[in-house]
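Structure first, then comments.
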Amino acid sequence: MMPDWESGPTDMAMLVAYQEGSVVSRIVTKTAGGSLTVFAFDEGQSLSEHTVPHAAVLHVLEGAANVTIGGTRHRVATGEVIGLPEDVPHAVDAPVRFKMALIMLRH
């Protein structure tokens, strides 16, 4: 079910469920200018180091994650955001279960 943005607030963490031993993702919206995807990471899961040709913002919705950007590791917890610059290697790992929203900013 897609959120009805015009009817009021949406709890993005409720748009995706944890699955044992997996990373689950759901595209919430996608346009020429960018996208919004929510993820649920089970404990111990990760996204390996990669780059993308556009900037992004990672917002932790619940739990905590380790986000490595250009070789520097950051701990990001519930309610916190971190920017992912374009063309800079980054990776995400889940020391505990966590959910995040990823906002891609295409230009």
Side-chain angles (χ1 to χ4, degrees):
M1 176 178 97
M2 295 296 287
D4 180 359
W5 302 113
E6 296 177 7
S7 69
T10 297
D11 183 348
M12 283 196 291
M14 299 304 292
L15 297 177
V16 65
Y18 293 111
Q19 185 173 344
E20 188 174 332
S22 298
V23 176
V24 178
S25 66
R26 179 176 179 194
I27 297 170
V28 177
T29 189
K30 187 174 185 177
T31 69
S35 63
L36 170 61
T37 306
V38 290
F39 292 80
F41 285 69
D42 195 20
E43 181 177 345
Q45 298 302 304
S46 64
L47 293 179
S48 60
E49 186 175 73
H50 62 283
T51 61
V52 292
H54 42 268
V57 175
L58 184 155
H59 178 198
V60 175
L61 303 171
E62 81 182 30
N66 294 319
V67 180
T68 304
I69 303 168
T72 301
R73 188 173 176 175
H74 307 271
R75 176 84 167 189
V76 188
T78 302
E80 295 180 326
V81 299
I82 192 164
L84 305 172
E86 63 186 64
D87 298 321
V88 175
H90 58 273
V92 179
D93 69 85
V96 297
R97 278 185 156 191
F98 86 98
K99 293 182 180 181
M100 72 176 197
L102 184 66
I103 302 110
M104 299 290 234
L105 307 168
R106 292 188 175 88
H107 51 85

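Keep in mind that what you see is a predicted model, and the values were worked out from it rather than measured.
Note: His59 NE2 to Lys99 NZ = 13.5 Å, rounded to the nearest 0.5 Å. Atom NE2 of residue His74 and atom OG1 of residue Thr68 lie 7.5 Å apart, to the nearest 0.5 angstrom. Met100 contributes atom CE, which lies 11.5 Å from atom CD1 of Ile82 (distance to the nearest 0.5 angstrom). Taken from CZ in Arg97 to CD in Glu20, the straight-line distance is 7.5 Å, to the nearest 0.5 Å. Going from atom CG of Leu36 over to atom CE of Met104 covers 11.0 Å, rounded to the nearest 0.5 Å.
Within the 4.5 Å cutoff, no side-chain heavy atoms of Ser46 are placed close to those of Val92. Within the 4.5 Å cutoff, no side-chain heavy atoms of Leu105 are placed close to those of His54. Side-chain atoms of Arg26 and Val38, non-hydrogen and from C-beta on, do get closer than 4.5 Å to each other. For the pair Asp42/Ser22, no side-chain contact is recorded, criterion being any heavy-atom separation below 4.5 Å from C-beta on.
Of all non-hydrogen atoms in Ala17 and Ala40, the two that sit nearest each other are O-CB, 3.6 Å. Taking every heavy atom of both residues into account, Leu61 and Ala13 meet most closely at CD1-N, 3.8 Å. Residues Arg75 and Glu80 approach most closely at O-OE1, 4.0 Å, considering heavy atoms. Across all their heavy atoms, Thr37 and Ser25 have their closest contact at CG2-CB, 4.1 Å. Here the closest heavy-atom approach between residue Glu43 and residue Pro95 is recorded as CG-O, 3.3 Å. Taking all atoms of both residues into account, the shortest heavy-atom contact from Pro85 to Ile69 is CD-CG2, 3.9 Å.
With sequence neighbours excluded, the residues forming a ring-ring contact (aromatic ring centres under 6.0 Å, His included) with His90 are His50, listed by chain and number.
Residue Val23 is grouped with residue Leu58 when hydrophobic side chains (ILVMFWY) are merged at heavy-atom distances under 4.5 angstrom, including chains of intermediate members. Hydrophobic clustering keeps Val57 apart from Leu47 (ILVMFWY residues linked when any side-chain heavy atoms are closer than 4.5 Å, directly or through intermediates). A chain of hydrophobic side-chain contacts below 4.5 Å, direct or via other Ile, Leu, Val, Met, Phe, Trp or Tyr residues, connects Phe39 to Phe98. Under a hydrophobic clustering in which Ile, Leu, Val, Met, Phe, Trp and Tyr are joined whenever their side-chain heavy atoms come within less than 4.5 Å, directly or via other members, Met12 and Val76 fall into different clusters. Under a hydrophobic-cluster definition in which Ile, Leu, Val, Met, Phe, Trp and Tyr are linked whenever side-chain heavy atoms come within less than 4.5 Å, directly or via other members, Val28 and Val24 are assigned to the same cluster.
Side-chain N or O atoms of Ser35 include none that pairs as donor or acceptor with a backbone N or O of Thr29 at under 3.5 Å.
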### Task
In sequence, state the C-alpha distance, the side-chain angles, and the governing distance for Leu84 and Leu102, and then conclude on side-chain contact (heavy atoms from CB on, under 4.5 Å).
CA-CA 10 Å; Leu84 305 172; Leu102 184 66; 4.0 Å; yes
### Task
Test Tyr18 against Glu62 for side-chain contact (heavy atoms from CB on, under 4.5 Å), laying out the working first.
CA-CA 11 Å; Tyr18 293 111; Glu62 81 182 30; 2.7 Å; yes
